[in-house]
Trainee: 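Pasting in a structure now, in structure tokens, and then I'll have a few things to ask.
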Amino acid sequence: MQAEFSNAFFQKIARARGNVIATPCRFSPAQWKNGNLVFITPENLSLEKTVFENISMPLAMAGTPWEIARERILAELRFWFGERDAETFSPLRANELSLEERSRLLLACACAASRHERAVAVSESVALSDKLFKMLKSRAEQEAFSLLLENPPANYFLQADEIIVSGESVSNLFIGKILGAGAGEFFAETPSGTQIHGKLCGALPDEIPEGSDVNIFLPPEILRIDAFPPEENFFELDEGGEIFFDGHLHFREFKLRGNAAVLRAAATQRQSLETAGDDTPYAWFFPEDALGFF
């Protein structure tokens, strides 16, 4: 979904300096700009320009003095491409780089231009490897800027310091009532009666009394579609929509039986989302993958 602009949403991001935030929402580039965030997206790269030109372009547009700009460019080249020789690497055009190197170049451009006076948001379309995520997370911690991941894969949700949602009708987001909580876990019930056991995330209150509301987010990748569910953490499905591919994962939305809600599931293999005949399918997930936050 694309969320509505929310001042409160962006204020929360600004206050989370040094932390990683994940959101299941998508915003337009204009909304990120209005929220005063540096938005990292593949569209920011000029493929016909060199590595040096791409990093220097936002600095030149901001009127950064050459002495300062040159120092920033070299510093980002050393950080993101330490194994490459700057003199031979800088003249390469962006279209000559691998996908991993283009992602590094995007991060170098953003870090050079931002100097972390603003929060940094990474588009869901950026190919962010585990190594690059760790490097960017380290920069956020050391230099105290907020790092936001837009609709990231499930493993990054699990590593985020906080999860923030803006707007309504976010897929796979449920409001539950706490039945029990402790040791970093929760047990809750949704209005439809589904009971969910999961992991507590982000900033937590000192005490979580029974009956408290908890936001439960189920990243699409954690859902398994099966004819036989486990004893807990499952939904009975009614029917599924068309399977579509976004270039990375296959997705399918399912209606929940006896409920107006829609559940989105994702998988690397299309066959994982298919259902057989007249059998009633179920969507289930492991407790450690269900995210609960306040």
Side-chain angles (χ1 to χ4, degrees), residues 13 16 18-27 29 32 37-47 49-52 54-55 58 73-86 88-90 92-114 116 119-143 145-163 199 201 217 219-223 245-251 266-269 272 288-289 291:
I13 296 171
N19 289 331
V20 176
I21 303 164
T23 178
C25 306
R26 301 181 186 92
F27 287 79
W32 287 123
L37 280 81
V38 175
F39 186 43
I40 302 177
T41 174
E43 285 70 31
N44 291 347
L45 274 191
S46 178
L47 296 179
K49 292 187 181 296
T50 66
V51 169
F52 185 86
N54 270 286
I55 302 177
I73 294 168
L74 292 176
E76 296 304 333
L77 282 172
R78 284 194 296 269
F79 183 82
W80 297 106
F81 301 98
E83 71 279 7
R84 305 295 295 264
D85 178 65
T88 57
F89 184 68
S90 294
L92 292 179
R93 296 185 185 276
N95 59 14
E96 299 178 79
L97 305 181
S98 66
L99 183 61
E100 168 85 5
E101 289 171 333
R102 289 184 194 178
S103 294
R104 288 176 179 265
L105 181 55
L106 278 171
L107 301 179
C109 293
C111 289
S114 169
H116 320 309
V120 172
V122 181
S123 165
E124 65 174 345
S125 57
V126 173
L128 195 64
S129 66
D130 288 341
K131 183 174 182 179
L132 290 185
F133 170 70
K134 290 176 182 177
M135 293 174 71
L136 193 55
K137 184 176 188 293
S138 175
R139 288 286 290 267
E141 292 171 347
Q142 293 173 13
E143 300 172 25
F145 65 92
S146 302
L147 173 60
L148 185 135
L149 306 178
E150 179 191 63
N151 201 34
N155 61 315
Y156 294 144
F157 270 108
L158 294 171
Q159 296 180 67
D161 298 302
E162 190 172 357
I163 297 171
K199 173 185 176 181
C201 303
F217 180 63
E221 301 97 309
I222 73 173
L223 297 169
F245 183 60
D246 73 344
H248 303 284
L249 294 170
H250 295 275
F251 289 87
T268 55
Q269 301 295 325
S272 301
E288 59 267 26
D289 295 333
L291 312 179

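Note that the structure is a prediction, hence the values are computed from the model and not measured.
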Trainee: Looking at CD1 of Ile55 and CH2 of Trp80, how far apart are the two atoms once the value is rounded to the nearest 0.5 Å?
Mentor: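 Output value for this atom pair is 11.0 Å.
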
Trainee: Using side-chain heavy atoms (C-beta onward) and a distance below 4.5 Å, is Leu77 in contact with Ser90?
Mentor: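 Sidechains of Ser90 and Leu77: in contact.
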
Trainee: Would you mind reporting whether Leu149 and Leu128 have side-chain heavy atoms less than 4.5 Å apart?
Mentor: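 In short, these two side chains touch, coming nearer than 4.5 Å.
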
Trainee: Restricting to non-hydrogen atoms, name the atom on Glu162 and the atom on Ala16 that form the minimum distance, rounded to 0.1 Å.
Mentor: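 Looking at all heavy atoms of both residues, the shortest contact is OE1-CB, 4.4 Å.
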
Trainee: Heavy-atom distance under 4.5 Å between the side chains of Asn155 and Phe133, does that happen here?
Mentor: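 No - every pair of side-chain heavy atoms lies 4.5 Å or more apart.
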
Trainee: To the nearest 0.5 Å, what is the distance between CZ on Arg139 and CD on Glu76?
Mentor: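 Rounded to the nearest 0.5 Å, the CZ-CD separation comes out at 4.0 Å.
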
Trainee: State, yes or no, whether a side-chain contact exists between Phe157 and Pro24 at a heavy-atom distance under 4.5 Å.
Mentor: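 Answer yes - side chains close enough.
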
Trainee: Taking all atoms of both residues into account, what is the closest heavy-atom pair of Leu47 and Arg93, and its distance?
Mentor: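 Smallest heavy-atom distance, with atoms named: O-CB, 3.9 Å.
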
Trainee: List the atom of Arg102, the atom of Leu97, and the distance in Å for their closest heavy-atom pair.
Mentor: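 Residues Arg102 and Leu97, closest heavy atoms: NE-O, 3.5 Å.
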
Trainee: Enter the distance from Leu105:CG to Phe52:CZ here, rounded to the nearest 0.5 Å.
Mentor: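 CZ of Phe52 is found 12.5 Å from CG of Leu105.
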
Trainee: Nearest 0.5 angstrom please: Glu124 CD to Glu150 CD, how far?
Mentor: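 Rounded to the nearest 0.5 Å, the CD-CD separation comes to 5.0 Å.
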
Trainee: Which residues pass the side chain to side chain donor-acceptor pair (under 3.5 Å) test with Ser103, not counting sequence neighbours?
Mentor: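 So Ser103 forms no side chain to side chain donor-acceptor pair (under 3.5 Å) with any residue.
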
Trainee: Indicate the atoms forming the closest heavy-atom contact of Ala154 with Glu221, along with that distance.
Mentor: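 Between these two residues, the closest heavy atoms are N-OE2, 3.0 Å.
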
Trainee: Any side-chain heavy-atom pair from Ile40 and Trp32 closer than 4.5 angstrom?
Mentor: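 A side-chain contact is absent here, since even the closest heavy-atom pair is not under 4.5 Å.
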
Trainee: Apply side chain to side chain donor-acceptor pair (under 3.5 Å) to residues Tyr156 and Asp130 and explain how you reach the verdict.
Mentor: CA-CA 9 Å; Tyr156 294 144; Asp130 288 341; 3.1 Å; yes

Trainee: Are any non-hydrogen side-chain atoms of Phe217 and Cys201 less than 4.5 angstrom apart?
Mentor: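 Counting from C-beta outward, Phe217 and Cys201 never come under 4.5 Å.
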
Trainee: Verify the distance criterion only: is there a donor paired with an acceptor across the side chains of Glu100 and Ser98 at less than 3.5 Å?
Mentor: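 Distance-only check fails for Glu100 and Ser98.
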
Trainee: With a 4.5 Å heavy-atom cut-off, do Thr23 and Asn151 have their side chains touching?
Mentor: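 A side-chain contact under 4.5 Å is absent here.
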
Trainee: Quick one: closest heavy-atom pair of Val122 and Phe39, and the distance?
Mentor: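 Result for this residue pair: C-CE1, 4.4 Å.
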
Trainee: For Leu106 and Pro42, work out which heavy atoms get closest and say how close.
Mentor: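 Closest heavy-atom pair between Leu106 and Pro42: CD1-CA, 3.8 Å.
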
Trainee: Using 0.5 Å steps for rounding, measure from the CG atom of Leu37 to the CG atom of Leu147.
Mentor: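 Leu37 atom CG to Leu147 atom CG measures 10.0 Å (nearest 0.5 Å).
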
Trainee: Kindly compute the distance separating CD1 (Ile222) from CG (Asp289), expressed to the nearest 0.5 Å.
Mentor: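 Ile222 CD1 to Asp289 CG: 5.0 Å, rounded to 0.5 Å.
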
